[in-house]
Amino acid sequence: MPLRVYNTLSGKKEEFKPLVPGKVGMYVCGVTVYDYCHIGHARANIVFDIVYRYLQYSNYDVTYVRNYTDVDDKIIARANERGISSQELSEEFIRAFDEDMAALGLRTPTHEPKATAYIAEIIALVEQLIAKGMAYESEGDVYYSVDNFPSYLKLSKRNMEEMLAGARISPGELKRNPMDFALWKAAKPGEPSWESPWGAGRPGWHIECSAMSSSLLGETFDIHGGGRDLIFPHHENEIAQSEGVSGKPFVKYWLHNGFVNVNQEKMSKSLGNFFTIRDILKRYDPEVVRFFILTAHYRSPIDFSDQNLEESRIGLTRFYEALAHLDKVLARLDTVTEQGPVAEALAEPVERLVRLEERFRSAMDDDFNTAQAIGHMFDAVRAINRILAEENEPHGQLLTILSKGHDDLIRLGEVLGLFGSDPAAWLARSAQEGLADSGLSEADIEALIVERREARANRDFARADRIRDELADKGVLLLDSPEGTTWKMK
RNA sequence: GGCCCCGUCGCCAAGUGGUAAGGCAGAGGUCUGCAACACCUUUAUCAGCAGUUCGAAUCUGCUCGGGGCCUCCA
């Protein structure tokens, strides 16, 4: 089944056919580096990390470009507040962004250009737009003339007359049409600036993405991504700029991810429900955050809440517990034993396990449906648990299937950036973190386990149960097994 | 005002014409000294109404409810 993607431009799912067979050029709008990234940035970047990974898994040679916008009004304002240069500020937050993305386990894009490294290309684009009559200079500023680009608003599907009628657009005196937007801004005192044919100035927002994408991916490329909120004006303006210069289609497929709400409310600074990635990672494992984000489809809104994150933690734990169990079994048994038939009773779970990759692909091929893909992986986990519950010593063909199922789960998990940790280590760390709230130490628990073991040996079950109940009150669950007693956090 | 999206089991969440994935929680069962874990079984006709169709959660219209964009924003 071919990959199908939802294209904002057409409003439909379309079969994905790259311009050059086997190769994909993909550009994702990164961040304006003036502050720490929040959970919304985390989602956008994780979503396109998965697009990147899945295309690579599908054997495409992907060139992934994600930029830093390091020249902008907000950067200048923030730098002035702090009494440092724009460059110092943006470098600080580029570093912070890189740390956050690394913590979230993102693959590094092929190119991570900075806007300020493309000033010459930006100026060249603006000059071409002026030469083609698509832009005009006005007192040191240069504006894009939207009236000269007939398909303006084709991405956001808006109506020029109605937008002009809206009271929220104030006509700028330097603009011919209030909808015209700045390509180049004349420098004000104290602002970072570069020499240009129109005097000292700096790029407007939008033009840097046109410059960087065409420099690194060409005039036309396959995928352009970003958050929904970028559709207008940012992406609309990128189309106007790039197509205004080249006269060719700018991007084949436009992909936009949905928002993150917090406790059912739009996340915003004024509501005070604004979470930075670093705040969140103090409370949640990065893989839990990633798992949470991927359990919803990328275009749906997603609600960030403690309850939802907690459920994701439990769900991810289920995977690691199954993998840890499987690791133990596989380590104990020799997988190259003779082939033997699989018990009839296990045909169904075996089938589910064997078909995991096929089902995973069909989910992902349907517009990167990670939620469904994870559903199929849960099915595989249940199959593994079922097999292990019924067969203490799997052998022959069954063992081969389990071994392959394990490898598939790890390999497909990697496409989603999941299950990359050693299961036993991950579970141990998770238990440690949970322990912090209980007031108990590992040694305390071990001592109580020994005490209870003695009580059970003496058939003093009342005392044994009392110990278990006391631990349970503190969130510690005891798990008895033939190999002894272990514990985990509730 | 314009444009767009959403409303699926107690909660989260897939499914966009062929008869409702998955997770959490719940109930019953197997296992257990009793539990826990795991496994098995079990729990929805898809906001409402009216249409189109052999057939709709999926298409159309209307109603109700929620949200987004139109200004910086992932």
Side-chain angles (χ1 to χ4, degrees), chain A residues 8 11 13 28-32 34-35 37-48 72-74 77 153 156-170 205 225-234 236 256-261 264-269 291-292 295-297 299-303 305 307-316 318-319 321-322 325 349 359 363 366 369-390 456 459-462 464-465 468-469 471-472 476-481 485-488 490:
Chain A
T8 306
K13 282 184 198 169
V28 173
C29 288
V31 286
T32 300
Y34 71 103
D35 204 346
C37 289
H38 54 64
I39 180 70
H41 295 109
R43 183 181 195 190
N45 283 286
I46 287 172
V47 161
F48 290 103
D72 168 86
D73 291 351
K74 292 188 294 292
L153 304 180
S156 54
K157 300 168 177 60
R158 292 164 201 275
N159 176 294
M160 179 83 79
E161 284 70 38
E162 282 160 355
M163 290 196 72
L164 288 171
R168 298 171 98 173
I169 297 166
S170 55
W205 184 41
R228 296 186 78 86
D229 50 344
L230 294 180
I231 294 172
F232 185 88
H234 187 55
E236 197 71 69
H256 293 98
N257 64 275
F259 286 115
V260 177
N261 296 127
Q264 324 233 32
E265 284 180 311
K266 178 186 158 81
M267 183 171 68
S268 77
K269 285 181 177 169
F291 187 85
F292 164 68
T295 50
H297 185 88
R299 283 188 283 118
S300 305
I302 193 169
D303 190 42
S305 68
Q307 189 192 329
N308 288 345
L309 268 286
E310 179 58 18
E311 277 195 10
S312 291
R313 210 207 86 226
I314 291 168
L316 184 59
R318 182 169 161 83
F319 279 98
E321 283 179 344
H325 189 182
R359 299 173 80 199
D366 184 14
N369 195 333
T370 54
Q372 188 164 56
I374 287 173
H376 294 324
M377 291 171 135
F378 269 116
D379 261 349
V381 164
R382 193 151 46 84
I384 288 168
N385 286 336
R386 165 85 185 276
I387 293 166
L388 293 179
E390 299 204 5
R456 290 177 76 205
R459 304 195 63 79
D460 183 357
F461 293 123
D465 289 351
R468 192 180 60 210
D469 292 344
L471 284 172
V476 178
L477 297 178
L478 295 183
L479 291 79
D480 293 335
S481 80
T485 300
T486 56
W487 60 274
K488 69 174 211 172
K490 205 180 279 180

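These numbers come from the heavy atoms of this one structure, side chains and all, not from hydrogens, waters or symmetry mates.
In this model, the phosphate group of B:rC39 is approached by a side-chain N or O of A:Asn385 to a distance below 4.0 Å at OP1 or OP2. Between A:Ser300 and the phosphate of B:rA14, there is a side-chain N or O to OP1/OP2 separation shorter than 4.0 Å.
With B:rC39, B:rG68, B:rC34 as the choices, the nucleotide that has an atom nearest any side-chain atom of A:Asp465 turns out to be B:rC34.
In terms of position on RNA chain B, the residue among A:Asn257 and A:His297 whose nearest nucleotide sits closer to the 5' end is A:His297. Annotation: of the two residues near RNA chain B, A:Val381 and A:Gln307, the 5′-most nearest-nucleotide partner is A:Gln307.
Heavy atoms of A:Leu478 sit under 4.0 angstrom from at least one base atom. Counting any heavy atom pair closer than 4.0 Å across all strands shown, A:Asp480 reaches a base atom.
Following rounding to the nearest Å, A:Glu321 (CD) and B:rC24 (C1') show an atom-to-atom distance of 14 Å.
Side-chain atoms of A:Asn308 come within 3.5 Å of backbone atoms of A:Asp303 as a donor-acceptor pair (strictly under, hydrogens ignored).
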In 5'-to-3' order, the base (B), backbone-only (S) or no-contact (-) status of each nucleotide in nucleotides 3-8 of chain B, using a 4.0 angstrom heavy-atom cut-off, is S-----
In 5'-to-3' order, the base (B), backbone-only (S) or no-contact (-) status of each nucleotide in nucleotides 40-45 of chain B, using a 4.0 angstrom heavy-atom cut-off, is S-----
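Residues passing the side-chain contact (heavy atoms from CB on, under 4.5 Å) test with A:Tyr34 are A:Thr32, A:Lys74, A:Ile75, A:Arg78, A:Leu89, A:Lys269, sequence neighbours excluded. With sequence neighbours excluded, the residues that form a salt bridge (charged side-chain N to carboxylate O under 4.0 Å, His left out) with A:Arg299 are A:Asp367. Every side-chain hydrogen bond (donor to acceptor under 3.5 Å, both in side chains) that A:Glu321 has, sequence neighbours left out, goes to A:Lys488.
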For residues 370-378 of chain A, dump all side-chain donor-acceptor pairs below 3.5 Å to protein atoms at least two apart in sequence or in another chain.
from     : atom 1 : to       : atom 2 : distance (Å)
A:Thr370 : OG1    : A:Leu294 : O      : 2.8
A:His376 : ND1    : A:Arg359 : NH2    : 3.3

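Summarising the geometry of A:Ser312 relative to A:Phe291, their closest heavy-atom pair is O-CD2, 3.6 Å, with the distance given to 0.1 Å.
Here A:Phe378 does not count as stacked on B:rG22, because the ring centres are not under 5.5 angstrom apart with planes under 30°.
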